Amino acid sequence: MKILLADHFGMCFGVRDAIAQAEQLATEQPLTILGELVHNPIVRERLRAQGVEEAALDSARSGSQRVMITAHGASDKKRAEWRTAGFDVADATCPLVLHAHEQLRRLVAAGYFPIVIGQRGHVEVNGLVGDFPEAVIVNSPEDVQSLPTHKRYGIISQTTQPIDFVRRIVDLIRRTYPGSQVRFVDTVCKPTKDRQSALQNLIQLADAIVVVGGRTSNNTLQLVETCHATGKTAFHIERPEELLPEWFDGIHVVGLTAGTSTLPETVDAVHRWLLQLTQECSPKEEA
């Protein structure tokens with residue numbers, strides 16, 4: 001069995017920096033993360049082992065004086081609530097998520113009705129719309145049909161949405177409301193685009209794809225969905241221990257990719273497991 005690694009996979013700079021920041025702050029004083037720092041159970045376990053706790057972003061209650069906004073960001077309103085309650089608020093928001101916040105803010109200031117393309121209920125999306133109660137979240141063609149009518153629509157996207165899907169939704173809005181001005185600012189992050197593009201190439205070459213990443217990680221789930229949409233078999237795992245040899249019966253080429261919150265050592269462990277399976281299945285040379 002041949003193993004192909006995606007050209008782009010795994011941890012992005014925003015996740016890497018958020019983890020490094022949390023681990024550094026944890027050495028200085030007790031720290032509480034307001035939610036999941038990143039959507040990866042292995043990262044959460046590592047932080048808990050260092051004494052880092054978690055609390056709900058909406059609670060404004062914590063066992064430590066210092067709290068941290070996750071890489072997914074939060075609304076200015078939520079930040080203010082924690083500071084007003086007397087907490088020292090550190091911020092691990094990914095710069096590309098902050099960019100999406102700024103673009104939405106500019107669109108609203110320019111008089112556009114705010115639309116966010118993304119997963120309803122996701123922490124990043126909650127943060128994006130948190131300061132704009134009038135904003136509408138769109139995640140399907142059906143959502144487009146029920147948009148309130150406005151003369152000007154300003155559209156951004158959750159950073160981890162597939163760009164092809166986002167563009168289809170924007171085009172549908174333009175077609176559905178031809179009398180309205182539509183301004184779209186592309187806020188899908190480059191790491192997400194790179195991993196989706198690399199996966200498309202991998203799909204052309206592999207019989208099946210192993211996708212490594214958290215089960216609540218949106219960008220990881222989108223990688224899995226991309227496989228399914230093309231009819232390609234995908235094995236979504238969080239840890240190498242979840243792999244089963246029988247999955248690969250009859251598979252000659254397997255592709256390997258990972259979401260942006262997946263640790264490099266996790267991908268390496270999965271790769272080693274696949275290599276070991278390949279060696280065990282190789283025909284033995286005759287004596």
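Values in this document were obtained by computation on a predicted structure and should not be read as measured data. Throughout, numbering of the chain's residues begins at 1 and tracks the sequence.
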Give the intermediate values and the outcome of side-chain hydrogen bond (donor to acceptor under 3.5 Å, both in side chains) for residues Glu124 and Thr159.
CA-CA 8 Å; Glu124 180 188 330; Thr159 60; 2.9 Å; yes
Arg183 and Leu107: CA distance, side-chain angles, deciding distance, side chain to side chain contact (heavy atoms under 4.5 Å, CB included) verdict:
CA-CA 8 Å; Arg183 182 177 176 189; Leu107 286 169; 3.7 Å; yes
Derivation of the side chain to side chain contact (heavy atoms under 4.5 Å, CB included) call for Gln158 and Val166
CA-CA 9 Å; Gln158 181 181 5; Val166 171; over 6 Å; no
For Met68 and Leu34: C-alpha separation, side-chain torsions, deciding distance, then whether side chain to side chain contact (heavy atoms under 4.5 Å, CB included) applies.
CA-CA 6 Å; Met68 175 179 276; Leu34 302 181; 6.0 Å; no
From CA spacing to verdict: side-chain hydrogen bond (donor to acceptor under 3.5 Å, both in side chains), Ser64, Thr32:
CA-CA 6 Å; Ser64 66; Thr32 300; 2.7 Å; yes
Please report the C-alpha distance between Val212 and Arg239 in whole Å, then the side-chain angles of each, then the deciding distance to 0.1 Å, and finally whether the side chain to side chain contact (heavy atoms under 4.5 Å, CB included) criterion is met.
CA-CA 7 Å; Val212 189; Arg239 310 166 188 267; over 6 Å; no
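Residue Arg61 places its CZ atom among 12 or fewer non-hydrogen atoms of other residues, nucleotides or ligands, all under 6.0 Å distant.
Using a distance-only test at 3.5 Å, with no hydrogens or angles considered, no donor-acceptor pair links the side chain of Lys77 to the main chain of Gly127. Judged purely by atom type and a 3.5 angstrom limit, Glu23 has no side-chain atom pairing as donor or acceptor with the backbone of Ala18. Between the side chain of Thr176 and the backbone N or O of Ile173, no donor-acceptor pair lies under 3.5 Å. Between the side chain of His236 and the backbone N or O of Gly213 there is at least one donor-acceptor pair closer than 3.5 Å. Between the side chain of Thr84 and the backbone N or O of Glu81 there is no donor-acceptor pair closer than 3.5 Å. For the pair Arg152 (side chain) and Ala110 (backbone), a donor-acceptor distance under 3.5 Å is present.
When all heavy atoms are compared, the tightest approach of Pro245 to Leu277 is CB-CD1, 4.0 Å. The two residues Thr187 and Ser157 make their nearest non-hydrogen contact at OG1-O, 2.6 Å. Pairing each heavy atom of Ile156 with each of Ala100, the nearest pair is CD1-O, 3.6 Å. Of all the heavy atoms in Val97 and Ala71, the pair that sits closest is CG2-O, 3.9 Å. In terms of heavy-atom proximity, His228 sits nearest to Ala234 at NE2-CB, 4.1 Å. Minimum interatomic distance between Ala22 and Leu31 (heavy atoms only, all atoms of both residues): O-CD2, 3.5 Å.
Sorted by first and then second residue, the side-chain hydrogen bond (donor to acceptor under 3.5 Å, both in side chains) pairs involving residues 195-214 (not counting sequence neighbours) are Gln196-Thr226. Sorted by first and then second residue, the ring pair (Phe, Tyr, Trp, His ring centres under 6.0 Å) pairs with a member in residues 61-86 read His39-His72, His72-His122, Trp82-Phe87; sequence neighbours excluded. Applying the ring pair (Phe, Tyr, Trp, His ring centres under 6.0 Å) test to pairs two or more places apart or on separate chains, none has a residue in residues 185-204. The stretch residues 126-168 participates, sequence neighbours left out, in these ring pair (Phe, Tyr, Trp, His ring centres under 6.0 Å) pairs: Phe113-His150, Tyr153-Tyr177. Legend: side-chain hydrogen bond (donor to acceptor under 3.5 Å, both in side chains) pairs involving residues 8-17, not counting sequence neighbours: none detected. For residues 244-262, every residue pair satisfying the side-chain hydrogen bond (donor to acceptor under 3.5 Å, both in side chains) rule, not counting sequence neighbours, is listed here: Asn219-Thr260.
A single hydrophobic cluster is not seen to contain both Ile69 and Leu128; linkage of ILVMFWY side chains at heavy-atom distances under 4.5 Å, directly or through other members, places them apart. Hydrophobic clustering of Ile, Leu, Val, Met, Phe, Trp and Tyr side chains at less than 4.5 Å, counting indirect connections, unites Leu5 with Trp273. In the hydrophobic clustering of this structure, Phe248 groups with Ile237; members are Ile, Leu, Val, Met, Phe, Trp, Tyr whose side-chain heavy atoms approach within less than 4.5 Å, directly or through other members. Val185 and Val188 fall into different hydrophobic clusters, where Ile, Leu, Val, Met, Phe, Trp and Tyr are joined by side-chain heavy atoms under 4.5 Å apart, directly or via other members. Note on Ile163: it clusters hydrophobically with Ile155, by side-chain heavy-atom contacts below 4.5 Å among ILVMFWY residues.
Under the rule for a salt bridge (Lys or Arg N to Asp or Glu O under 4.0 Å), Arg83 has no partner lying at least two apart in sequence or in another chain. The salt bridge (Lys or Arg N to Asp or Glu O under 4.0 Å) check on Asp194 picks up Lys190, with sequence neighbours excluded. Applying the salt bridge (Lys or Arg N to Asp or Glu O under 4.0 Å) criterion to Glu28, with sequence neighbours excluded, gives Arg66. Not counting sequence neighbours, the partners of Arg215 by the salt bridge (Lys or Arg N to Asp or Glu O under 4.0 Å) test are Glu238, Glu242. The ring pair (Phe, Tyr, Trp, His ring centres under 6.0 Å) check on Tyr112 picks up nothing, with sequence neighbours excluded.
Using a 4.5 Å heavy-atom threshold, the side chains of Pro191 and Phe9 count as separate. Put simply, the side chain of Leu37 does not reach to within 4.5 Å of the side chain of Arg44, judged on heavy atoms. The shortest distance between side-chain heavy atoms of Leu4 and Val254 does not fall below 4.5 Å. The closest side-chain heavy-atom distance from Val43 to Arg46 is not below 4.5 Å. With a 4.5 Å cut-off on side-chain heavy atoms, Val15 and Cys12 count as touching. Taking the side chain as every heavy atom from C-beta outward, Glu102 and Arg105 approach each other to under 4.5 Å. Ile209 is not listed as a side-chain neighbour of Thr233, based on a closest heavy-atom distance of 4.5 Å or more. The side-chain heavy atoms of Leu263 and Ile19, taken from C-beta on, include a pair separated by under 4.5 Å.
If you take SG on Cys227 and CG on Leu202, they are separated by 8.0 Å, rounding to the nearest 0.5 Å. Interatomic distance, OG1 of Thr160 versus CG of Leu221, reported as 9.5 Å (0.5 Å rounding). Between Cys94 atom SG and His99 atom NE2 the span is 11.0 Å, to the nearest 0.5 Å.
With salt bridges taken as basic N to acidic carboxylate O contacts below 4.0 Å, one links Lys193 and Asp186. Between Arg48 and Glu53, none of the side-chain N atoms (NZ, or NE/NH1/NH2) sits under 4.0 Å from a carboxylate O, so this pair counts as no salt bridge. Using a 4.0 Å cut-off between charged nitrogen and carboxylate oxygen, Arg272 and Glu265 do not count as a salt-bridge pair.
Judged by distance alone, the side chains of Thr93 and Arg79 do bring a donor and an acceptor atom under 3.5 Å apart.
Cluster partners of Phe13, by chain and number: Leu96. The rule joins Ile, Leu, Val, Met, Phe, Trp and Tyr whenever side-chain heavy atoms lie under 4.5 Å apart.
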